[in-house]
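Position 1 is the first residue of the sequence; numbering continues from there. Both ligands and their constituent atoms are indexed starting at 1 by order of listing. Every heavy atom of this structure was used, including side-chain atoms; hydrogens, water molecules and symmetry mates were not.
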Amino acid sequence: MYSSRLGQLPPYLFARIDELKEEQERKGVDIIDLGIGDPDLPTPPHIVEALCVAARDPANHHYPSYVGMGAFRQAVSAWYRGRFQVSLDPNREVIALMGSKDGIAHIPEAFINPGDYVLVPDPGYPVYRTSTLFAEGRVYTMPLTASNHFLPELDRIPSRVVKKAKLMFLNYPNNPTATVAPPSFFREVVEFAEDHRIIVVHDNAYSEVSFDGYCAPSFLETPGAMEVGVEMHSLSKTYNMTGWRIGMACGNTEILGGLKRVKTNVDSGVFNAVQHAGIAALTGSQECIRQSCRIYQERRDALVHGLRDMGMECPLPSATFYVWAPVENGVAFATRLLEEVGVVAAPGVGFGECGKQYIRFAITRSLERIQEAIDRIRRLR
Ligand SMILES: *Cc1c(COP(=O)(O)O)cnc(C)c1O
């Protein structure tokens, strides 16, 4: 019944964990879910208020513009200038997205012919792979390992692949490894992309979730980046707005043009009231971001130190709300965590083969619950 395209998709690797979780819940186990990357903190009130006001205005009840309201694109442009010193023409270098997933899921369709390669980090956000397969592209996985500091080794990609590669996905600060990229890596990427005419799609969903004074760059800050790439960004993680579905694609006009042509045929834009809320988020006080980061940092410290105390080797991430911990077998460990002590964490293999010996904890639960999770994990070992 289903298309062969659907048949090509990798199995959903969290299905088993989801099943086990439901089973435990049915038994009445008090589950601590550190599995999903969805902030537990609420959207700041001034953003919610802007939505309420805009939702009452009939002017906002019509089809939105495909590329987003001018005022939203201007707010994005001003935010990029203030935050990254990147200058973007709101009319040509910004389009609104229904979350960054929208941009990631649709961009290969604009550029990939059957058989073209897409360079995809492994482990990585699963949509890079599935969007490539939907466009009938071939996935070439770039391993992210501790030994390469979780950065793709571009010079190790075989030249037969590089020749047929049309697009590359990157994501720093990175989900699931919680690592960051030095500016020198982005410079290397721009040079590689120029040399081999490869479109770079940088996913910057976590630029605002960082600790200990670390400040994540935009890929577009890199000299030459505007010629070779685009950045997918999102208000989801920055302002605790995952449910609202709003983000933006910024960068090279021609590349954005391809994405825009796909999108005009599959969706009809972001509800204007949500865009008004997005403007309130981007132009209002950014104190809410610092507040969220302080909360995450406290949780991160509790989890990482707790895991280290029981002998787990676990780096202290300087960005994202994940902790990526090496274990002997991620699936076996996640299963034991869930069955024996009611803690959900994501087995790393769900993000790719190279994640097999890892487990990802999301610190999107309160400090008390994280401390409780540590107490439980201690019992396990
Ligand atoms: C959460 C996430 C996204 C998607 O975010 P939305 O803007 O809500 O669609 C994209 N990429 C990565 C790496 C993520 O973790």
Side-chain angles (χ1 to χ4, degrees), residues 14 34-43 47 68 72 76 79 94-108 118-132 141-142 144 150-152 167-181 200-210 216 218-219 229-250 259 263 266-267 269-271 274-275 277-278 281-282 289 292 296 317 319-324 345-346 348 350-352 354-355 358 360-364:
F14 302 119
L34 307 179
I36 15 163
D38 185 355
D40 59 317
L41 306 167
T43 308
I47 301 174
F72 176 73
V76 169
W79 187 81
V94 179
I95 66 176
L97 298 176
M98 305 167 94
S100 52
K101 185 178 191 176
D102 171 21
I104 295 163
H106 289 120
I107 199 162
V118 177
L119 309 176
V120 173
D122 177 344
Y125 185 61
V127 186
Y128 309 142
R129 180 179 292 269
T130 53
S131 63
T132 299
T141 55
M142 304 184 288
L144 308 185
F150 301 99
L151 295 168
L167 200 146
M168 166 162 54
F169 283 110
L170 292 172
N171 163 227
Y172 293 98
N174 184 261
N175 172 15
T177 68
T179 53
V180 300
V200 179
V201 178
H202 182 245
D203 176 359
N204 208 357
Y206 294 94
S207 73
E208 304 314 298
V209 186
S210 64
S218 162
F219 172 68
V230 293
E231 185 156 86
M232 301 296 178
H233 213 307
S234 168
L235 308 200
S236 287
K237 316 289 164 60
T238 305
Y239 302 103
N240 308 324
M241 292 175 74
T242 48
W244 298 55
R245 313 314 304 140
I246 182 161
M248 57 274 201
C250 303
L259 176 61
K263 273 175 55 61
V266 294
D267 70 65
V270 177
F271 181 25
V274 170
Q275 293 188 58
L282 293 167
I289 298 179
S292 301
Y296 290 134
T320 78
F321 44 57
Y322 303 109
V323 168
W324 184 243
F351 305 95
C354 294
Y358 286 88
R360 191 196 75 176
F361 295 96
I363 50 174
T364 48

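If you check which protein heavy atom lies closest to atom 5 (O) of ligand 1, you get S100 OG, 3.3 Å. Counting only heavy atoms of the protein, atom 9 (O) of ligand 1 lies nearest to R245 NH2, 2.7 Å. For atom 1 (C) of ligand 1, the nearest non-hydrogen atom of the protein is K237 NZ, 1.4 Å.
If you number the atoms of ligand 1 from 1 as listed, the ones under 4.0 Å from a heavy atom of Y206 come out as 1 (C), 13 (C), 14 (C), 15 (O). Of all atoms in ligand 1, numbered sequentially from 1 with element shown, those under 4.0 Å from a heavy atom of N175 are 13 (C), 14 (C), 15 (O). Listed by atom number, the atoms of ligand 1 under 4.0 Å from N171 heavy atoms are 13 (C). Residue-ligand proximity, S234 to ligand 1, at heavy-atom distances under 4.0 Å covers atoms 6 (P), 7 (O). Every atom of ligand 1 with a heavy atom of D203 under 4.0 Å away is listed here by number and element: 10 (C), 11 (N), 12 (C), 13 (C).
Only the side chain of S236 comes within 4.0 Å of ligand 1, counting heavy atoms alone; its backbone N, CA, C and O stay farther away.
Distance check, rounded to the nearest 0.5 Å: NZ of K237 to OG1 of T320 gives 10.0 Å. A distance of 13.0 Å separates CG in N174 from OH in Y125, rounded to the nearest 0.5 Å. Within the model, atoms CE of M232 and CD1 of I104 stand 6.5 Å from one another, a figure rounded to the nearest 0.5 Å. Separation of atoms CG (L144) and SG (C354) is listed at 7.0 Å; rounding is to 0.5 Å.
Separation of the Y322 and Y206 ring centroids falls under the 6.0 Å cut-off.
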Practice item. Test side chain to side chain contact (heavy atoms under 4.5 Å, CB included) on V118 and F169 and set out the steps. Key: CA-CA 8 Å; V118 177; F169 283 110; 3.8 Å; yes
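Take Y128 and apply the side-chain hydrogen bond (donor to acceptor under 3.5 Å, both in side chains) test, not counting sequence neighbours, and it matches D203.
Using bins of under 30°, 30° to 60° and over 60° for the plane-to-plane angle, the ring pair Y358/W324 lands in the parallel bin.
At under 3.5 Å, a nitrogen or oxygen of K101, whether backbone or side chain, sits near a nitrogen or oxygen of ligand 1.
By the 4.0 Å heavy-atom criterion, T242 is excluded from the residues contacting ligand 1.
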